[in-house]
Participant: 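For reference, the structure I am asking about is given below.
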Amino acid sequence: MLLAVHGGAGERKPDKNALKKLSESLASGYTILRNSGTAVDAVIESIMVLENSGIFNAGAGGNLQFDGVRRLDASIMEGKKLRAGSVIGIEGIRNPIKVAQLIMDSPHVTLTHIGAKKIADKNNLDLLPEPDKKSLEKLRKTKKKERKLVNIFKQYFSTVGAVALDMYGNLAAGASTGGIPAMLPGRVGDTPIIGAGIYAENSAGAIACSGIGENIIRLSLAKEICMNLKNMTPYKAAMLSLRRLSKIGGEAGVIVINKKGQFAIIHTTKYMASGYAHKKSIVVKEGFKRILPVF
Ligand code: ASP
């Protein structure tokens, strides 16, 4: 059994509170695995802890788009039957990862706000208040600085993601985000795109990515790493794909586990707040293995 979580890849050092919350998230998720729970439930639980904290760019702490609206994305996938669910741009819901799970249990894979909100309301999911003054002020400053949508990588992103292997040999991956710091209304990143932001397949592994979504989508990063896991270690598979990503101008971090329970946390960015839980240990760091981008 193994659980790994991340709190975003980026250039700014994650603070202590973020690392503490990641430990909490790992402890809650791993308790589920230890009590014979499934990889899907462990991933959902650890992501919900981070969404509820308000200190990550997900759920209660999600970024605002340029029109002042918080549109959140999330996804979940399980590796046995390749069932997946994702939500794009949901508004007013605290735990988009729960919505993604409900969508996975519906006949569909991906829903945008209109349908997803109906499912969330029907299941009485917690609501999110309107953005407060502080978030609107932060947006005003970001807009001024980032009008051209450049230099956004000079930040610590704080999207969240998790991957797990349960006692039944099932793998799962999930992620939740408020997008990038500066974005036009309606922008969608990799997080809710199955195969880009996350992927899981029991015969190979489970992956969750973080970084500027546009490039991650162009490479279908999570799926590419997953396919390579069939004959490579997590480290090698992740490194090859991150090198390819950097050649098209992308930067990212990934958490990867394989069916044997081996894992790798690798990033081209300076930091990737992340960690893992295995047996009795929980390890969280501001970054694991950095590989330098090849341009
Ligand atoms: N990948 C996310 C997005 O592009 C951002 C992040 O990972 O921080 O929406």
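All ligand and atom numbering here is 1-based and tracks the order in the structure.
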Participant: Measure from the side-chain N and O atoms of Ser25 to the backbone N and O of Ser46, and report whether any donor-acceptor pair falls under 3.5 Å.
Facilitator: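 Side chain of Ser25 to backbone of Ser46: a pair is present.
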Participant: Would you confirm whether Ser246, through its side chain, and Arg243, through its main-chain N or O, come within 3.5 Å as a donor-acceptor pair?
Facilitator: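 Side chain of Ser246 to backbone of Arg243, a donor-acceptor pair under 3.5 Å: yes, one is there.
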Participant: Answer with yes or no whether Gly8 contacts ligand 1, where contact means a heavy atom under 4.0 Å from a ligand atom.
Facilitator: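 No, Gly8 has no heavy atoms under 4.0 Å from ligand 1.
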Participant: Give yes or no for whether the N/O distance cutoff of 3.5 Å, strictly under, is met between Ser158 and ligand 1.
Facilitator: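 No; the residue has no nitrogen or oxygen that sits under 3.5 Å from a nitrogen or oxygen of the ligand.
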Participant: Indicate, as side chain, backbone, both or neither, the part of Thr191 found under 4.0 angstrom from ligand 1 when only non-hydrogen atoms are considered.
Facilitator: side chain
Participant: Test side-chain contact (heavy atoms from CB on, under 4.5 Å) on Asn63 and Lys138 and set out the steps.
Facilitator: CA-CA 9 Å; Asn63 287 337; Lys138 189 174 150 212; 4.1 Å; yes
Participant: Would you say that more than 12 heavy atoms from the other residues, nucleotides or ligands in this model lie under 6.0 Å from the CD of Glu137, or not?
Facilitator: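 More than 12 heavy atoms, drawn from other residues, nucleotides or ligands, come within 6.0 Å of this atom.
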Participant: Identify the closest protein heavy atom to atom 8 (O) of ligand 1: which residue and atom is it, and at what distance?
Facilitator: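 Here the closest protein heavy atom is Thr159 OG1, 2.7 Å.
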Participant: Within ligand 1, which atoms have a heavy atom of Gly179 less than 4.0 Å away?
Facilitator: 9 (O)
Participant: Return the residue, atom name and 0.1 Å-rounded distance of the protein heavy atom closest to atom 9 (O) of ligand 1.
Facilitator: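 Looking only at protein heavy atoms, the one closest to atom 9 (O) of ligand 1 is Arg187 NH1, 2.8 Å.
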Participant: Working to the nearest 0.5 Å, report the span between OH of Tyr276 and CG of Leu22.
Facilitator: 14.0 Å
Participant: With heavy-atom distances below 4.0 Å as the criterion, list the atoms of ligand 1 near Ser210.
Facilitator: 6 (C), 7 (O), 8 (O)
Participant: Under a 4.0 Å heavy-atom limit, does His6 contact ligand 1 with its side chain, its backbone, both, or neither?
Facilitator: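 Answer for His6: neither.
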Participant: When you measure from the side chain of Ser86 to the backbone of Pro192, do you find a donor-acceptor pair of N or O atoms at a distance under 3.5 Å?
Facilitator: yes
Participant: Could an N or O of ligand 1 be found under 3.5 Å from any N or O of Asp190, whether backbone or side chain?
Facilitator: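 So ligand 1 has an N or O lying under 3.5 Å from an N or O of Asp190.
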Participant: Compute the minimum heavy-atom distance from Glu214 to ligand 1 and say whether it is under 4.0 Å.
Facilitator: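 The answer is no, since Glu214 has no heavy atom less than 4.0 Å from ligand 1.
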Participant: Which option out of Gly10, Gly211, Gly161, Ala252 puts a heavy atom nearest to atom 5 (C) of ligand 1?
Facilitator: Gly211
Participant: Is Ile225 reachable from Leu219 through a run of I, L, V, M, F, W or Y residues, each pair having side-chain heavy atoms under 4.5 Å apart?
Facilitator: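 Linked within one cluster.
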Participant: Any salt bridge linking Lys98 with Glu51? Criterion: basic side-chain nitrogen under 4.0 Å from a carboxylate oxygen.
Facilitator: no
Participant: Regarding ligand 1, does Gly189 bring an N or O atom to under 3.5 Å of one of the ligand's N or O atoms?
Facilitator: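 Among all N and O atoms of Gly189, none is under 3.5 Å from an N or O of ligand 1.
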